[in-house]
Number of protein chains: 2
Amino acid sequence: MLTVSEISKSANVTADSVRHYVRIGLLKPERNPDNGYKLFKTDDVKKVRFIRQAKGLGFKLNDIKKIINHSHKGESPCPIVRKIIEQHIEENKTKLAELNALQKRMENALKKWQSMPDGEPDGHAICHLIESVNNY
Amino acid sequence: MLTVSEISKSANVTADSVRHYVRIGLLKPERNPDNGYKLFKTDDVKKVRFIRQAKGLGFKLNDIKKIINHSHKGESPCPIVRKIIEQHIEENKTKLAELNALQKRMENALKKWQSMPDGEPDGHAICHLIESVNNY
DNA sequence: TTAACACCTAGGTGCGACACACAGGTCAAG
DNA sequence: CTTGACCTGTGTGTCGCACCTAGGTGTTAA
């Protein structure tokens, strides 16, 4: 049986991550009746490693919970795993497009501002730099 | 004097956004003594538009608060505006690199899995698809 | 006058994945 | 028995709203 710090070192994650996984029900350690400390099975190390592996593929903790539940009930999680990652691929494409657009807006703004002086508040504009940029 | 819904329509944002800006102190409406309703000045419409403009350039509400405070105190916000956007440009580069890497990991995984069948839980692996992927 | 109804309000909570803070417990060395 | 390093569980903060709840408002219709 492992304590929080022991399992966190074995699985190479922070103790806070382990505690978080417990809080959201991904891990369900027993408790030391003497002091209430969490006590994990050695198998939980594998579980934590699985969680990190899945997170590395973009799965959210909530997804991972479902996957583990499926597996635990003897059902194959593979169909939902494929479905979820397809969704994430699409969502991430959208996000990337947004962030790329933002990046361009920021770089264009910075470039434009290089030829503009700092301005003192004049009662009209809050910041003439920001307000000089096109809306979109 | 404008109510929440009136200012939200004028500035083309949701009423919840307006309420949020009030909660974090970006807007400080007066109150109708009869019912406690928020009452905004017509100038607050400009302020909300400024907030959205700044948000569109990647400024966080906290940044915007500082910018407005500077301006309100008669100090030029321009120096910090330039500084903040430079930081955001760097941070966003990092984020983009991470998301691009994630995207590749996800696409590679999905491709690899196309030649793999769904597996039933066998007591060893939680999901053999996820566990078959290289860690990084 | 009153009832119905659409629309509005303030403020509480939830989201995601932890990090951080806090007050206190544990344990080996001296 | 004390010091000190290290550990514990739990509460809160992050970010920008969206959603929820319980109730108020205001216009119209009977």
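The sequence lines fix the lettering, A, B, ..., with proteins before strands; numbering per chain opens at 1.
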| Interface with DNA chain D, restricted to residues 25-42 of chain B and to heavy atoms under 4.0 Å | B:N35, B:Y37

| remark: In terms of heavy-atom contacts, A:T42 and A:L2 come closest through CA-CD1, 4.2 Å

| note | Note: contacts of residues 87-99 of chain A with DNA chain C (heavy atom, under 4.0 Å) are none

| task | Apply the test side-chain hydrogen bond (donor to acceptor under 3.5 Å, both in side chains) to residues B:Q87 and B:E91: give CA-CA distance (whole Å), side-chain angles for both, the deciding distance (0.1 Å), then the verdict. | result | CA-CA 6 Å; B:Q87 283 173 7; B:E91 289 168 9; over 6 Å; no

| Phosphate OP1/OP2 of D:dC17: any B:K55 side-chain N/O under 4.0 Å | yes

| Flag side-chain contact, heavy atom, 4.5 Å: A:V45 against A:R49 | yes

| said: So, does A:T3 get its side chain near the phosphate of D:dC7, meaning an N or O under 4.0 Å from OP1 or OP2? | reply: no

| field | Min side-chain heavy-atom separation B:L99-B:L102 under 4.5 Å | value | yes

| query | Only one of B:K41, B:K46, B:K47 clears salt bridge (Lys or Arg N to Asp or Glu O under 4.0 Å) with B:D43; which? | reply | B:K46

| note | Closest non-hydrogen contact found for A:P29 with A:K38 is CG-CB, 3.8 Å

| task | List the atom of A:D34, the atom of A:N32, and the distance in Å for their closest heavy-atom pair. | result | N-OD1, 2.8 Å

| Do B:E107 and B:K104 meet the salt-bridge criterion of a basic N to acidic O distance under 4.0 Å? | no

| remark: Ordered by number, residues from residues 5-21 of chain A within less than 4.0 Å of DNA chain C (heavy atoms) are A:T14, A:D16, A:S17, A:H20, A:Y21

| request: Could you tell me whether A:K83 and A:E86 make a salt bridge, using a distance below 4.0 angstrom between a side-chain N and a carboxylate O? | output: no

| said: Looking at B:A125, is its backbone amide N or carbonyl O close enough to the side chain of B:D122 to form a donor-acceptor pair, meaning the two atoms are under 3.5 Å apart? | reply: yes

| field | Interatomic distance, A:R23 CZ vs D:dG13 C1' [rounded to whole Å] | value | 12 Å

List the atom pairs, with distances to 0.1 Å, where a side-chain N or O of residues 62-71 of chain A and a protein N or O form a donor-acceptor pair under 3.5 Å, not counting sequence neighbours.
from: A:D63; atom 1: OD2; to: A:K60; atom 2: N; distance (Å): 2.8
from: A:D63; atom 1: OD2; to: A:H88; atom 2: NE2; distance (Å): 2.9
from: A:K65; atom 1: NZ; to: A:I24; atom 2: O; distance (Å): 2.7
from: A:N69; atom 1: ND2; to: A:K65; atom 2: O; distance (Å): 3.4
from: A:H70; atom 1: ND1; to: A:E75; atom 2: OE1; distance (Å): 3.2
from: A:S71; atom 1: OG; to: B:I126; atom 2: O; distance (Å): 3.2

| 5' to 3' on DNA chain C, which nucleotides open and close the contacts with chain A (atom under 4.0 Å from a heavy atom)? | C:dG16 to C:dT26

| said: Counting C-beta onward and ignoring hydrogens, is there a side-chain heavy-atom pair between B:V81 and B:F59 closer than 4.5 Å? | reply: yes

| field | Inter-axis angle, terminal five-pair segments of the helix from C:dT1-D:dA30 to C:dG30-D:dC1 [nearest 10°] | value | 40°

| said: Treating A:K112 as the side-chain partner and A:S132 as the backbone partner, does any N or O pair qualify as donor plus acceptor under 3.5 Å? | reply: yes

| query | So, are B:R82 and A:D118 salt-bridged, with charged N and O less than 4.0 Å apart? | reply | yes

| Does a salt bridge link B:D16 with B:R19, judged by any charged N lying under 4.0 Å from a carboxylate O? | yes

